[in-house]
Number of protein chains: 2
Amino acid sequence: MSDLEAVSLRLEARGYRVTPPRRAVIAAVLQQAGHFSVEDLLHRCRGAGRATVFRTIRLLTELGVVCRVLLDDGSLHYRLSHRPQHHHHLVCTGCGKVQDLDDCAVSDLVRELSGSSGYEIEGHWLEFYGHCSACRSEVLAGVSS
Amino acid sequence: MSDLEAVSLRLEARGYRVTPPRRAVIAAVLQQAGHFSVEDLLHRCRGAGRATVFRTIRLLTELGVVCRVLLDDGSLHYRLSHRPQHHHHLVCTGCGKVQDLDDCAVSDLVRELSGSSGYEIEGHWLEFYGHCSACRSEVLAGVSS
DNA sequence: TCAGACATGATACCTCGTCTCAGTGAGACA
DNA sequence: TGTCTCACTGAGACGAGGTATCATGTCTGA
Ligand SMILES: [Mn+2]
Ligand SMILES: [Mn+2]
Ligand SMILES: [Zn+2]
Ligand SMILES: [Zn+2]
């Protein structure tokens, strides 16, 4: 079974129709290497209008097919999800490579805060930024050349 | 010394002029209760143009007079800073109340990741969302009535 | 077979910010 | 005192990113 079929089945299982425009968006998503903006997708995706691309990305996010990646400048990107559960990312600001972090690093803290702060905590953002080893060696090479 | 004077001195100390438009923006910032968007500020701030308001907010952020508050929908707000050092926030999505968290909860994790991931980590986003105790009691009262 | 639900996409519209550029004015200096 | 300079300003254009509207099309189940 292809990835496209697999995602289609998940859509149908939730009662959504698998239409040609949706198929086009899903296909475009599946061939993205790293993280991408919705605008990126629009350019690579004849066969679906602007509104439909936005709507489909929201759907895929709800289904867990893609995950949201918040960049350091505050812009929102997406990425094929490699983990079913809640997790966070380490993003290379040089080449864009994303490392999924195994589990939520602040779940203990959330519990602790729920007790001490009086807030009932319902969500959080957590993303890390840096340079991967490949990008760091490049920088060093560039400086010395 | 008024807050406005105090901020003005900090500007001058860095070589910036304290002009009437800047004073207007600072005054508007000082009378914001919670967190606010730049657009909020624009409406409350005759006496400075759009570009100047954005420019002044950036200045105030660099000076540490305000801190950035990332909301759960990804939009960026600001808030009078109550702590000089790097810190994070716990935001009530009901009433907007913000709790400053004492210190960076992930600094240990950043060190650990720097070792294990091969990335040199240079930044992160971390914000928490929930409902404060006041908002939770309101919800309960609303449901039962 | 057909009513109603679901889906689409052109288009208008909104926010959030940046950029440009001509003009202003404060202050350094002669 | 005049003049030069340079930070600062704001109108307005621009662009990215995203939502609302709505006429139209398609599917599905009774
Ligand atoms: Mn992920
Ligand atoms: Mn703060
Ligand atoms: Zn990299
Ligand atoms: Zn609250």
Side-chain angles (χ1 to χ4, degrees), chain A residues 7-29 32 35-63 65-79 96 125, chain B residues 7-29 32 35-63 66-79 96 125 127:
Chain A
V7 173
S8 300
L9 287 179
R10 291 173 70 174
L11 274 180
E12 279 172 347
R14 298 276 198 111
Y16 297 107
R17 296 184 192 158
V18 179
T19 62
R22 281 181 180 163
R23 226 186 295 270
V25 174
I26 296 168
V29 165
Q32 296 290 317
H35 57 81
F36 52 89
S37 67
V38 180
E39 221 70 23
D40 290 340
L41 218 54
L42 264 167
H43 294 134
R44 293 179 170 277
C45 181
R46 306 294 77 149
R50 184 177 169 69
T52 297
V53 172
F54 275 99
R55 285 189 286 237
T56 305
I57 276 293
R58 186 171 28 197
L59 256 186
L60 294 178
T61 306
E62 283 161 14
L63 289 182
V65 172
V66 298
C67 48
R68 308 201 296 175
V69 179
L70 180 68
L71 298 196
D72 51 353
D73 65 358
S75 68
L76 202 49
H77 277 219
Y78 295 86
R79 165 166 203 270
W125 276 116
Chain B
V7 174
S8 300
L9 287 178
R10 291 173 71 173
L11 274 180
E12 279 172 346
R14 298 276 198 110
Y16 297 108
R17 293 189 195 153
V18 179
T19 62
R22 281 181 179 163
R23 226 186 295 272
V25 174
I26 296 168
V29 166
Q32 295 291 318
H35 57 81
F36 52 89
S37 68
V38 181
E39 221 71 21
D40 290 340
L41 218 55
L42 263 168
H43 294 135
R44 293 179 170 278
C45 180
R46 309 291 78 149
R50 183 176 171 69
T52 297
V53 173
F54 275 98
R55 286 189 285 239
T56 305
I57 277 293
R58 184 171 30 195
L59 256 187
L60 295 179
T61 306
E62 282 160 15
L63 290 181
V66 297
C67 48
R68 308 200 298 174
V69 180
L70 179 69
L71 298 196
D72 51 352
D73 65 358
S75 68
L76 201 50
H77 278 218
Y78 294 86
R79 168 165 200 268
W125 277 115
E127 306 275 8

*Distance-only, no hydrogens or angles: does the B:R10 side chain make a donor-acceptor pair with backbone N or O of B:L63 under 3.5 Å?*
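Present.
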*For the side chain of A:T56 and the backbone of A:T52, is there at least one donor-acceptor N/O pair under 3.5 Å apart?*
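Between the backbone of A:T52 and the side chain of A:T56 there is a qualifying donor-acceptor contact (under 3.5 Å).
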Take atom [atom1] of [X] and atom [atom2] of [N], then tell me their distance rounded to the nearest Å.
X: B:L59; N: C:dG17; atom1: CG; atom2: C1'; result: 16 Å
X: A:F54; N: C:dT8; atom1: CZ; atom2: P; result: 15 Å
X: B:R23; N: C:dA26; atom1: CZ; atom2: P; result: 12 Å
X: A:L60; N: C:dA7; atom1: CG; atom2: P; result: 13 Å
X: A:I57; N: C:dG9; atom1: CD1; atom2: C1'; result: 17 Å
X: B:R22; N: D:dA7; atom1: CZ; atom2: P; result: 11 Å
X: B:D73; N: D:dT19; atom1: CG; atom2: C1'; result: 13 Å
X: A:L71; N: C:dC16; atom1: CG; atom2: C1'; result: 17 Å

On a heavy-atom basis, which atom in [X] and which in [Y] lie closest, and how many Å separate them?
X: B:F54; Y: B:L42; result: CE1-CD1, 4.5 Å
X: B:A24; Y: B:R46; result: CB-O, 4.0 Å
X: B:V18; Y: B:E12; result: CG2-CG, 3.7 Å
X: B:E127; Y: B:R68; result: OE2-O, 3.9 Å
X: B:R23; Y: B:S8; result: NH1-OG, 4.4 Å
X: B:R44; Y: B:A28; result: O-CB, 4.3 Å

*Any idea which of C:dG17, D:dT19, C:dC19 is nearest the B:L76 side chain?*
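Closest nucleotide among those given: C:dG17.
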*Looking at C:dT8, C:dG17, D:dG10, which one has an atom nearest to any side-chain atom of A:T52?*
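Side chain of A:T52 sits closest to C:dT8.
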*Using a heavy-atom cut-off of under 4.0 Å over every strand shown, decide if B:R55 touches base, sugar-phosphate, or nothing.*
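Base, at least one base heavy atom under 4.0 Å.
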*Has B:Y16 got more than 12 heavy atoms of other residues, nucleotides or ligands less than 6.0 Å from its OH?*
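No, the 6.0 Å shell around OH holds no more than 12 heavy atoms from other groups.
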_If you take any heavy atom closer than 4.0 Å to DNA chain D, which residues from residues 42-49 of chain B end up in contact?_
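Within residues 42-49 of chain B, the residues near DNA chain D are B:G47, B:A48, B:G49.
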*What are the residues of residues 11-21 of chain B, sorted by number, that bring a heavy atom to within less than 4.0 Å of DNA chain D?*
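Going residue by residue through residues 11-21 of chain B, the ones with a heavy atom under 4.0 Å of DNA chain D turn out to be B:Y16, B:R17, B:T19, B:P21.
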